[in-house]
Amino acid sequence: MENSRRSFIKKAVMTGSALIAAPAIFGSTSSSGSPKGSFANDPFKLKYAPGFGMFNESAGKDPIDNIKFCYDM
């Protein structure tokens with residue numbers, strides 16, 4: 001059996017692609033049960049904290065309206 005860097009990389013790529021493709025091949029669906037497009041029902045989840053004035057075009061210039069808009073999103 002050949003133990004070289006080239007054969008290791010080939011095996012790693014094949015194994016990784018098989019693991020990524022397995023759910024699609026076997027017909028697995030997401031376990032969450034909710035559609036991905038239902039943003040109005042999910043809480044506002046960003047990887048940053050929204051600041052005042054960030055949503056002026058959507059919510060207006062009032063800070064309270066900005067907070068309400070963030071909550072609704």
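We're numbering straight along the sequence, starting at 1.
- Shown here for Asn66 and Gly60, the closest heavy-atom pair between the two residues is ND2-O, 3.6 Å.
- To the nearest 0.5 Å, the span separating OG on Ser58 from CG on Asp65 amounts to 11.5 Å.
- With sequence neighbours excluded, the residues forming a side-chain contact (heavy atoms from CB on, under 4.5 Å) with Ile64 are Asp62, Lys68, listed by chain and number.
- Pairing each heavy atom of Met54 with each of Glu57, the nearest pair is O-OE1, 4.5 Å.
- Leu19 and Met14 fall into different hydrophobic clusters, where Ile, Leu, Val, Met, Phe, Trp and Tyr side chains are chained together by heavy-atom contacts under 4.5 Å.
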